[in-house]
Participant: 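Take a look at this one; I'll ask things after.
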Protein chains: 2
Amino acid sequence: MTTISDIAKLAGVAKSTVSRYLNEGSVSEATKRKIQHIIKETGYTPNAFAQSLKAKKTNIIGTIVPQLDSYAFSRTLIGIDEELKARNYQMLISHSNLDLEREIENIHSLVRQKVAGIILLATEITNRHLMIIKQLGIPVLIVGQQHEEIPSLIHNDYDAAYELGKYILSQGHQRIAFLGLHEKNVAIGIDRKEGFKKSIEETANIDVQFFEVKMDQAQTFSIVSEIIDRFHPSIIVCATDNIAMGTMKAIYSKGISIPCDLSITGFGGYEMTEMIHPGLTTAKFFYKDAGNLAARKMLSLIKGDDTPMKTVSGYEIIYRESVRKM
Amino acid sequence: MTTISDIAKLAGVAKSTVSRYLNEGSVSEATKRKIQHIIKETGYTPNAFAQSLKAKKTNIIGTIVPQLDSYAFSRTLIGIDEELKARNYQMLISHSNLDLEREIENIHSLVRQKVAGIILLATEITNRHLMIIKQLGIPVLIVGQQHEEIPSLIHNDYDAAYELGKYILSQGHQRIAFLGLHEKNVAIGIDRKEGFKKSIEETANIDVQFFEVKMDQAQTFSIVSEIIDRFHPSIIVCATDNIAMGTMKAIYSKGISIPCDLSITGFGGYEMTEMIHPGLTTAKFFYKDAGNLAARKMLSLIKGDDTPMKTVSGYEIIYRESVRKM
DNA sequence: CTGAAAGCGCTTACAG
DNA sequence: CTGAAAGCGCTTACAG
């Protein structure tokens with residue numbers, strides 16, 4: 001490996017001059033050219049460790065992702081990576097496997113690696129999170145969830161749920177099952193539910209029941225089966241597209257037809273929702289765009305530019321065949 | 001931030017002693033305890049940059065992933081991460097967005113970061129890849145593709161395709177369309193095709209035609225439509241589950257029913273293939289296990305243990321409803 | 001514009 | 001078992 005000393009020697013100048021060339025650039029045209037030439041020739045690239053050790057800061061942004069095999073998260077990651085790369089920053093991904101304990105370990109590990117900031121693709125913000133984050137010394141941005149004390153970027157869960165609810169009601173559904181997540185997950189467990197509730201409250205004679213499943217789909221099956229048998233909804237509103245997929249499977253396995261006998265909707269706009277048959281009506285969020293946005297916001301945070309505590313990314317209702325007009 | 005000097009001062013010993021405690025450990029019990037105590041108290045963690053700068057090597061394994069939002073790749077990543085973490089290594093992910101040019105840039109960037117080795121989730125190994133990899137100085141492992149000059153871990157594409165073919169024939173299909181990928185992608189474009197071909201060659205009176213699509217699904221739609229109109233297959237064998245999903249959509253959009261009018265199979269065993277209706281018959285690969293394996297193989301490569309050039313991960317045919325018995 | 005020197009936080013022979 | 005010193009590859013005041 002060639003180092004800055006090698007370059008300096010070959011160019012006949014001091015290391016500091018090469019360093020200056022690499023950084024600010026208060027170097028005469030002649031030496032500039034010499035150095036440039038040598039660098040090209042040798043294919044020299046500065047040792048990132050030495051730079052970071054000296055500079056005590058890096059151009060690395062740490063990202064914590066709870067699940068790598070999730071459409072929403074991976075699309076967000078792509079967006080972050082894209083934007084960061086364009087601005088000469090680097091993304092370091094760490095995976096918590098939906099384990100909050102591990103998530104906190106990951107925060108520490110990223111700090112040890114001297115990342116300039118941390119983007120947390122969040123599911124739940126506990127008090128421990130808050131305490132740790134507040135004394136970290138580097139900016140943390142949460143994506144997908146909000147918190148009054150931490151900068152955040154969220155999807156417009158509430159409005160999306162409201163608009164989707166309005167649409168469902170406009171199609172004449174009056175007996176509705178809502179399949180949500182635990183309220184620990186504020187964005188999905190509360191905001192989507194509340195937005196939906198509001199649309200219901202504006203309409204008379206609606207029979208709605210709320211249910212709850214876990215993130216993983218294993219248990220969705222039996223719950224859906226029970227809901228259908230006991231409540232006989234005309235539509236099941238699912239708080240995520242993944243839940244909707246699991247629900248559809250449960251519905252089919254009972255020999256019930258979608259949307260003739262039972263309608264269904266999701267949230268997310270995952271790619272697969274348009275591949276399946278019937279296509280799933282859903283509230284689409286723009287994960288990749290949100291990732292771009294998050295990256296830019298993080299850079300503002302690092303630079304100390306003022307940026308709003310909370311940024312809201314948009315949505316779009318996608319109307320497909322899974323909802324029947326009653 | 002507390003450094004090794006702080007710890008040394010507080011413990012009343014030299015930096016080198018602390019360092020020794022942290023590494024080999026030829027330190028007396030008494031000092032050991034003192035240092036341990038101080039470290040606990042201060043929450044000291046060594047600066048990874050300084051360590052790496054000195055050691056000229058890291059415990060970081062770079063991974064290049066062509067698509068972050070792909071089931072196969074992300075599951076593999078999870079497997080790699082899991083195993084690496086268990087062995088006190090770290091995974092650094094870099095995303096090439098299915099762009100071979102970018103992939104090569106990523107290799108260079110990982111080298112600059114002094115990773116100990118690179119795991120490349122491969123789609124296509126070009127000559128440029130080969131040249132660069134051979135003069136890298138650190139081990140490179142390719143996953144999903146093979147090459148006689150580079151250590152690799154592959155799925156058993158050939159046998160899986162053969163066995164799936166046998167099954168399809170056993171169900172009485174005689175007019176078969178195979179929807180593959182370009183031969184640049186050896187594992188998918190060639191091995192799966194050839195394995196399948198072999199099963200056909202062992203049987204008389206089979207009418208088979210081979211077609212090709214791109215990785216992204218946009219164009220699948222019209223090709224499938226044409227195949228159906230012109231060739232009238234009783235089954236479409238798709239070289240990946242993603243292609244199968246796209247194909248199913250195209251089939252439905254023509255008002256054709258699966259599997260009554262037309263059967264279909266995939267490759268991969270993606271989670272969604274069991275969520276959809278009808279469930280997709282497919283050759284399942286164990287991506288996460290393969291990731292575990294890849295991590296272990298990489299560590300062997302780094303240590304210089306001898307490890308076979310080529311490791312083959314298993315498969316399992318999953319029989320579901322998308323194939324009709326003729 | 002340029003160079004010499006100190007220092008970032010660690011590790012590793014080398015003495016003792 | 002332990003300490004002093006040199007050095008990893010860079011950057012940054014400080015002189016000139």
Side-chain angles (χ1 to χ4, degrees), chain A residues 1-39 42-60 88 90 108-109 111-116 137-138, chain B residues 1-39 42-60 88 90 108-109 111-116 137-138:
Chain A
M1 279 273 62
T2 86
T3 72
I4 198 171
S5 300
D6 300 330
I7 304 299
K9 233 167 280 169
L10 288 169
V13 298
K15 291 191 301 179
S16 34
T17 305
V18 178
S19 177
R20 235 174 270 119
Y21 165 82
L22 255 20
N23 299 298
E24 319 122 61
S26 151
V27 180
S28 76
E29 271 310 314
T31 38
K32 237 180 220 170
R33 227 165 281 144
K34 252 192 303 182
I35 296 174
Q36 187 175 34
H37 183 144
I38 306 276
I39 288 184
T42 54
Y44 165 75
T45 51
N47 180 318
F49 293 126
Q51 288 183 311
S52 304
L53 175 58
K54 193 63 215 178
K56 300 207 153 211
K57 59 151 202 155
T58 55
N59 60 344
I60 302 175
N88 258 308
Q90 238 219 317
H108 286 128
S109 147
V111 169
R112 214 172 310 142
Q113 312 214 21
K114 307 288 184 257
V115 297
I138 57 172
Chain B
M1 280 272 61
T2 86
T3 72
I4 198 171
S5 300
D6 301 329
I7 303 298
K9 233 168 279 168
L10 288 169
V13 298
K15 290 190 302 176
S16 33
T17 305
V18 179
S19 177
R20 235 175 270 120
Y21 165 82
L22 256 20
N23 300 300
E24 319 121 62
S26 151
V27 180
S28 76
E29 271 310 314
T31 39
K32 236 181 222 171
R33 229 165 280 145
K34 251 192 304 182
I35 296 175
Q36 188 175 32
H37 183 145
I38 306 275
I39 288 185
T42 54
Y44 165 74
T45 50
N47 180 318
F49 292 126
Q51 288 182 311
S52 305
L53 174 57
K54 193 62 215 180
K56 298 204 153 212
K57 60 152 201 155
T58 57
N59 61 345
I60 302 175
N88 258 309
Q90 239 219 319
H108 286 127
S109 148
V111 169
R112 214 172 310 141
Q113 312 214 21
K114 307 286 184 259
V115 297
I138 57 173

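In the text below, chain A, chain B and the rest are named by the order of the sequence lines, each starting its count at 1.
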Participant: Once side-chain contact (heavy atoms from CB on, under 4.5 Å) is applied, do any residues pair with Leu10(B), and if so which ones, sequence neighbours excluded?
Facilitator: Ile38(B), Thr42(B)
Participant: Does Leu53(B) or Arg20(B) map to a spot on DNA chain C nearer the 5' end, using the closest nucleotide for each?
Facilitator: Leu53(B)
Participant: Dot-bracket, 5' to 3', for DNA chain D please: Watson-Crick or G-U pairs under 3.5 Å, [ ] where pairs cross earlier ones, | where the partner sits on another strand, dots elsewhere.
Facilitator: |||.||||||||.|||
Participant: Does some side-chain heavy atom of Tyr21(A) sit less than 4.5 Å from a side-chain heavy atom of Ile39(A)?
Facilitator: yes
Participant: Ser16(A): which residues meet the side-chain contact (heavy atoms from CB on, under 4.5 Å) condition with it, sequence neighbours left out?
Facilitator: Ala14(A), Arg20(A)
Participant: With a 4.0 Å cut-off on heavy atoms, is Tyr21(A) in touch with a base, just the backbone sugar-phosphate, or nothing at all?
Facilitator: nothing
Participant: Test of understanding: with salt bridge (charged side-chain N to carboxylate O under 4.0 Å, His left out), list the residues that count as partners of Lys9(B), not counting sequence neighbours.
Facilitator: none
Participant: Which two nucleotides bound the region of DNA chain D that has atoms under 4.0 Å from heavy atoms of chain A, read 5' to 3'?
Facilitator: dG9(D) to dA13(D)
Participant: Return the set of residues passing side-chain hydrogen bond (donor to acceptor under 3.5 Å, both in side chains) with Gln51(A) (not counting sequence neighbours), or none when no residue passes.
Facilitator: none
Participant: Just checking Ser28(B): base, sugar-phosphate only, or nothing, at a heavy-atom cut-off of under 4.0 Å?
Facilitator: sugar-phosphate
Participant: Under 3.5 Å, side-chain donor or acceptor atoms of residues 25-32 of chain A against the rest of the protein: list the pairs with distances, not counting sequence neighbours.
Facilitator:
{"unit_1": "Ser28(A)", "atom_1": "OG", "unit_2": "Thr31(A)", "atom_2": "N", "d": "3.3"}
{"unit_1": "Ser28(A)", "atom_1": "OG", "unit_2": "Thr31(A)", "atom_2": "OG1", "d": "2.7"}
{"unit_1": "Glu29(A)", "atom_1": "OE1", "unit_2": "Arg33(A)", "atom_2": "NH2", "d": "3.4"}
{"unit_1": "Thr31(A)", "atom_1": "OG1", "unit_2": "Ser28(A)", "atom_2": "N", "d": "3.4"}
{"unit_1": "Thr31(A)", "atom_1": "OG1", "unit_2": "Ser28(A)", "atom_2": "O", "d": "3.0"}

Participant: So if I take residues 3-16 of chain A and measure heavy-atom distances to DNA chain D, which residues fall below 4.0 Å?
Facilitator: Thr3(A), Ile4(A), Lys15(A), Ser16(A)
Participant: Among all residues two or more places apart in sequence or in another chain, which pass the side-chain hydrogen bond (donor to acceptor under 3.5 Å, both in side chains) test with His108(B)?
Facilitator: none
Participant: Who are the side-chain contact (heavy atoms from CB on, under 4.5 Å) partners of Asn47(A), not counting sequence neighbours?
Facilitator: Phe49(A), Ala50(A), Leu53(B), Lys114(B)
Participant: Who passes side-chain hydrogen bond (donor to acceptor under 3.5 Å, both in side chains) against Ser19(B), sequence neighbours left out?
Facilitator: Asn23(B)
Participant: Compare every heavy atom of Val18(B) with every heavy atom of Ala8(B), then report the nearest pair and how far apart it is.
Facilitator: CA-CG2, 3.8 Å
Participant: Which part of the nucleic acid, if any, lies within contact of Thr31(B), taking any heavy atom under 4.0 Å across all strands shown: a base, the sugar-phosphate backbone alone, or nothing?
Facilitator: sugar-phosphate
